[in-house]
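Inspection log for the structure reproduced underneath, given as C-alpha cells.
To find a chain, count down the sequence lines: A is the first, B the second, and so on, and within it residues start at 1. Keep in mind that what you see is a predicted model, and the values were worked out from it rather than measured. The basis for the numbers below is simple: all heavy atoms, side chains too, and nothing from hydrogens, waters or symmetry mates.
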Amino acid sequence: MSSEALKKRKSKVLRSEGGTPEMKRGRAEGDQQVSPHVIVGENTRPDDMRVYSEEVELDGRDPEQDYVQYKESCESLATLMSEIQDLKANGAKEGCPEVEQRRMQSCIHFMNLKKLNRLAHMRLKRGRDQTHEAKQKVDVLHLQLQNLLYEVMHLQKEISKCLEFKSKHEEIDLVTEEEFYQEAPQEISRPHLTKNDPHQLTLARLDWELEQRKRLAEKYKESQATKEKIQKSIEVKKEHLRSLQPGLHAIMQASLPVQEYLSMPIEQTQKQTEVARHLPPPLYVLFVQANAYGQACDKNLTLSISGDVDEAKALSKPPEDSQDDESDSDAEEEQEKTKRRRPTTGGQLDDKRREMLKRHPLSLCLDLMCKDGSILHLSFYYLMNLNIMTVKTKVSTSTDLNTAISAGDLLKSDTLLSCLYTNDQGRETPNPANRYQFDKVGIVSFADYVDELGHPYMWVQSLGGLHFPSDTSEVSLSASHMESSMKLLRGRVQSRLALHKQFASLEHSIIPVSSECQHLFPAKIISRLARWTTITHQDYMDFSYTRHVTEAGLAKDTDLYFMGVVERGTARLQAAVVLSPRYPEISPLFSLCLSWKGERSGRTDDNLRAMESEVNVFKNELQGPRPGHQLLTNQIARLCVCLDVYLETEGQDDSVEGPREFPREKMCLRTVRGPNRLKPFKYNHPQGFFSHR
Amino acid sequence: NKNHGDHLLIWLLLCSLCHHGYGLLQLLHMSVFSQSFSPCGRFLAAGNNYGEIALFSLSAALSPDATRLSQKPVLTFTAHEGPIFSLVSSDCHLLSAGNGEISAWSWTELIKKTQLQVRDTHYRTVVCPTVTQHSHFVSVLRSSLEIPEINSMVLNNRDNSLVIGGGDNNVHILDLEHGIFKAVLQGHSDYVHCVSLRDREADILSGGEDGAVRIWDSRTGQTVHCIEVHKYETCARPQFGKWISCLTTESDWMLCGGGPSLSLWHLRSLSPTSTFPLSGCQRQAAFYQDMILAVGEGPNVSHCLLGGGVKAQIPCSSQSLNTLQLNMNSTEHRVLTVGGSSDHIDVFTNLSYRAFSLSF
C-alpha cells in the first residue's frame with residue numbers, strides 16, 4: 001500500500017472518528033466483539049455530532065497493553081489462517097460457513113491491527129514534537145550562557161588593564177622614605193596619615209620633591225646672576241690690559257734699532273722659537289735639527305715657520321679635548337661604517353676624508369740656496385690624523401729658464417725629488433697604520449692626494465724622527481739623516497738645473513760639450529741631433545725596439561722618458577732614452593732604432609747593439625768632471641760619433657755604381673772585426689783613430 | 001813569468017767586481033760568443049763579450065729537482081780582457097781565446113772549484129782558477145795599435161796541435177806539446193773568420209772576411225785550393241757581402257756560409273751541391289745525423305735537409321745567435337746549447353723545442 005493511500009484512509013478515519021468519550025468507550029467495547037456493521041453504521045451516520053477523538057483515546061491507553069494486544073491479534077490471526085488452511089486441505093468448499101466465519105474473525109483482527117498501527121504512528125509523532133520543544137529550550141539556555149561568559153572575560157580584561165596602569169610619578173627619582181621623614185616638615189610629611197597609607201605617602205613625597213626642586217631652581221638663578229657679574233668684571237679687566245698693548249708695542253718698536261745696531265736678532269729668534277713651541281712634535285724635531293745643522297754646517301740654509309699660530313695654539317692647548325675628539329670621531333666612524341650601506345652618506349664620507357687628511361696649521365719652510373743662486377724651497381707639513389709628514393717643493397732660479405719645452409717635467413715638484421733614496425717614490429704613505437684608516441673612509445691610495453698634500457717621502461719621515469716598522473729600515477735619529485739628505489737635495493737640484501740647461505740647447509740641436517770632455521770626441525762630427533722631445537712612459541713601452549729594456553725591468557714608472565733623433569743624410573737614428581730621477585748617479589739608458597735602407601734596431605742589429613753598449617755600458621769615461629752632470633750630453637755626442645762610424649764603414653755593395661753616400665772620413669784600423677763583424681766605435685784620443693773594444 | 005803575475009793581479013781585481021754580480025746594464029748588453037763542453041760532458045763553459053767564462057753544471061740544470069739557481073753559473077771568472085770568441089776543450093784542458101792570447105785552464109781544477117762553490121752558494125766567492133799554460137799570440141802581431149783577435153780554434157788530435165784563425169789574416173798552428181807556433185799559413189787578404197779540419201786527410205780549411213775558403217796542406221803549409229764562394233751564382237748574395245763566417249766539414253762534405261747563402265759543397269769535385277734558403281747571415285753550422293743545424297742572424301735555430309730544404313726553424317730567446325754546440329761527450333746529458341746576443345744560453349734536450357735557458 002502506498003503511503004499516500006494510507007494517508008487518505010487515515011484522514012477519512014480521523015474525520016469520522018471524532019467522537020465523544022462515551023462513544024469511544026462504546027467503541028472500545030465494540031472493538032472486542034468486532035462487528036462489520038458498527039463501522040458501516042459509523043460511516044452511514046455523519047450527522048452524529050458527538051466527535052470521536054483518537055488523540056484523547058491515545059492518552060488513555062497504555063502502550064504496553066497495546067503491545068500485548070498486538071501480539072495476541074497476530075497469534076490468533078495465525079491460528080485462524082492455519083485453521084482455514086486445514087479446512088481447505090480437508091476439502092472444504094469455497095464459501096463454506098466454517099471458512100466464512102473464520103474469515104470474518106480474521107478481518108476483525110486485521111482491523112484491530114490497523115488501529116494499533118495508527119496509534120503507534122501517532123505516538124511516535126507526539127514523541128517527536130516533544131523532543132523538538134525540549135531542544136529549542138536547551139538552545140536558548142546555551143545562548144544565554146555564552147553571553148554571560150563573554151561578559152566575564154571583558155570584565156577580567158578591564159581589571160587587568162586597571163592593574164597595569166602606570167603613573168608618571170614612578171619615573172621621578174624620589175628621596176628614600178627615611179630621608180623623607182627626616183627632612184620634610186610635618187605639614188608635608190603628615191606622618192599620622194601617611195604611615196599606614198602608601199598612597200598618601202607617595203603623594204606627600206611628591207609634594208616634597210616639588211618643594212625641593214623649586215628651591216634649587218631659585219638657587220640656579222642666583223648663581224647665574226653672580227656668574228654674569230664676575231664675567232663683566234673680567235671683561236673690564238681685559239679691556240684694561242688691552243689698552244696696555246699699544247704702549248708696549250711702541251716700546252718694542254723703539255728698541256728694534258738698538259737690537260739691529262747690536263746685531264742681536266733676539267726678537268726674531270724669540271718669535272720663531274715662540275711659534276716653534278706650537279709645532280707638532282715631528283716638525284719640531286725637524287725644526288731643531290735643521291736649525292742646528294744650518295748653524296753648524298750650512299750657512300745657506302734658512303728656516304721659517306708659516307701658518308696660523310692661533311689655530312695651532314687652539315689645537316695644542318687642551319690635550320684631553322683632542323683625545324675626546326679622536327674618540328668621538330672614532331665613534332662617528334663606527335656610525336659611518338654602519339651607515340655606509342645607505343647611499344645618502346656620500347657627502348659625510350667626503351667630510352670624513354677631509355678630516356682624516358687634515359694637516360697641522362703650521363708648516364715649516366726650509367730654503368736651500370745653491371752656489372749658483374738658485375733656491376730650493378721645501379715646505380714640510382704634518383698630517384695630524386695620519387701621523388706622517390709630507391713635503392712640497394719649488395725651485396726658484398736666478399736666471400730665466402722658460403726656454404726648454406722638454407724640460408717641463410724636470411723641475412716639477414712631482415718628479416723633482418722622486419727616488420732621492422732608492423725606491424723612495426713618495427706616492428704611498430709610509431705609515432702602515434694608515435691603510436686601515438683609509439679603508440674606513442674609502443681612500444684607495446694616498447697617491448691621489450699627493451698633489452694637494454705633498455709627497456710623504458721616507459727621508460722626510462726620518463728627518464722628522466718618525467719611524468715606521470718596515471722590512472728594511474733600521475731605527476736611526478733624525479740628525480743622522482740631516483746631512484746626507486741635505487747633500488742629496490742639493491745635488492738633485494743642481495743636476496736638474498744642469499739638465500734643464502742642457503735640454504734647452506738640445507732642443508736647438510746643439511749638443512753642449514764642455515772643454516773637459518772635448519778629448520772624448522773627434523773634432524768633426526757630421527751627424528747632428530735633429531730633435532729632442534719628451535715622451536710618455538706608455539709611448540716608450542709601445543716601441544718595439546725598447547722591449548728588452550722593459551722586460552729587464554729597467555723602465556720604471558718613476559723614470560722620465562725622452563726621444564732623441566740623430567740625423568745624417570738619409571739616415572735617421574731614433575734613440576729612446578730612459579732618464580732615472582737619480583741621474584747622474586744612475587745613467588740614462590738609450591735604445592736605438594736606425595732607419596736607413598730599411599729599419600733596424602738594437603735588438604736585431606749587432607752593430608746598433610754595440611752602439612747601445614758604447615753609450616750605456618762604457619759610460620764611465622763619459623761622466624766628465626764630478627758630479628758628472630754632463631753625462632747625458634756626452635752620451636748623445638758619442639751617439640752622433642758612432643752613427644758617423646756606422647754609416648761610413650757600411651760595406652759598399654759592389655754591384656751598385658756611383659759615389660758612396662757617406663765617404664769614409666774617420667780613420668779606422670779595421671772596419672770589421674770578430675765573428676759578428678762589429679765596426680770600430682771606440683775613439684782613441686791623441687791619435688784620433690777608431691778601434692774596437 | 002812577470003806577465004803571468006800581472007795577469008793574476010788583473011784577474012784578482014776583476015774577480016772582486018764579479019763578486020757583486022753583474023749590473024743589469026751589463027747583462028742587457030751581454031753576448032755569448034763561444035761554448036765548450038767539459039770532457040766528462042757534465043759541464044758547459046761559455047765565453048761572453050766581457051772576457052768572462054761561466055761554467056754551468058748541466059747535471060744540476062737537467063736534474064728533475066732543478067731550480068732557478070741551477071740555471072745560473074756555478075763558477076764565473078774573467079779570463080781575458082776582450083771578448084772570448086772561441087773556446088775549445090781538450091782531454092784535460094779548456095782553451096780560451098782572448099785578444100791575442102790563448103789560455104789553458106785545467107778542467108779538473110775548474111770542476112774542483114765549482115764543487116767548492118756549490119757548497120756555499122750564498123757567498124759565491126770567486127776563486128780564480130790559475131792558468132796552466134799561456135800562449136801569447138802577440139809575438140806574431142802585425143800592428144801594434146790593435147791586438148788581433150782570435151776568431152776560431154780547432155784542436156788537431158793527430159799531432160796534438162791547435163789550429164788558430166784570427167785577426168792578422170793568417171792561420172797559425174800551435175804545438176801544444178811545446179807551446180810554440182809550428183807554422184803560419186799565409187794567404188787570406190782579410191781576417192780569418194773560421195777554421196776547420198778534415199777528418200781523414202791532413203787538410204785544414206779556413207774561411208775569411210775576403211770571401212775565400214782556403215784548403216791548406218798542414219804538412220807543407222801551402223794552399224791546396226781556394227774557393228771564392230761569392231763568385232758562384234747560386235750562393236752569392238751581394239746585398240750582404242762576400243765574407244765566410246761559418247765553415248764545417250764532414251768526410252767529403254763542406255758546409256760554408258756568411259755573406260753568401262749557407263751551402264753544402266762536395267770537396268772532391270769542389271762544387272756546391274745545395275744551397276739553403278736562410279734569410280740572414282749564418283755564423284755557425286753543424287752536421288747532426290742526416291740534418292744540418294745552423295744559427296746566425298735571427299732568433300731561430302734552422303734545421304736544414306741535406307738536399308737543400310729548410311725543415312724547421314726553432315725559436316730561441318736571443319735575437320741573433322752566435323754559437324751552437326752539441327754535447328757528444330756524455331750520453332745522459334746529450335743536449336744542444338745555443339748562445340747569442342743576450343745573457344741567455346738556450347738548452348735543447350729535444351731538438352724541436354727550447355727546454356730552458358741558462359743565464360749569466
**OP:** Check each atom of A:Asp605 against the heavy atoms of chain B and say whether the ones under 4.5 Å are side chain, backbone, both or neither.
**Re:** neither

**OP:** Starting from the C-alpha separation in whole Å, work towards a yes-or-no answer on side chain to side chain donor-acceptor pair (under 3.5 Å) for B:Ser359 and B:Asp343.
**Re:** CA-CA 5 Å; B:Ser359 65; B:Asp343 58 319; 4.8 Å; no

Subject >> From A:Ser591 atom OG to A:Leu589 atom CG, the distance as rounded to the nearest 0.5 Å >> reply: 5.5 Å

**OP:** Answer with yes or no whether the side chains of A:Asn616 and A:Glu612 bring together a donor and an acceptor at under 3.5 Å.
**Re:** no

**OP:** Side chain from CB out, backbone as N, CA, C, O: work out which of these in A:Lys682 comes under 4.5 Å of a heavy atom of chain B, or both, or neither.
**Re:** neither

**OP:** Report the distance from atom NE2 of B:His80 to atom CD of B:Glu149, rounding to the nearest 0.5 Å.
**Re:** 13.5 Å

Subject >> A:Arg603 portion near chain B, given a 4.5 angstrom heavy-atom threshold >> reply: both

Subject >> Contacting moiety of B:Pro83, where chain A heavy atoms sit under 4.5 Å >> reply: side chain

Subject >> Selection from A:Arg677, A:His548, A:His692 maximising heavy-atom pairs under 4.5 Å formed with chain B >> reply: A:Arg677

Original post:
Rounded to the nearest 0.5 Å, what separation is found between the OG atom of B:Ser342 and the CG atom of B:Leu27?
Top reply: 9.5 Å

Subject >> Reported CH2-to-CD distance for the pair B:Trp243 and B:Glu209, which is rounded to 0.5 angstrom >> reply: 7.0 Å

Original post:
Checking B:Ser31 against chain A: side chain, backbone, both or neither under 4.5 Å from a heavy atom?
Top reply: both

Subject >> When A:Gly602, A:Ala552, A:Pro675, A:Ser587 are compared by non-hydrogen pairs under 4.5 Å with chain B, the top option >> reply: A:Pro675

Subject >> Interchain contact, B:Glu297 with chain A, by part (heavy-atom threshold 4.5 Å) >> reply: neither

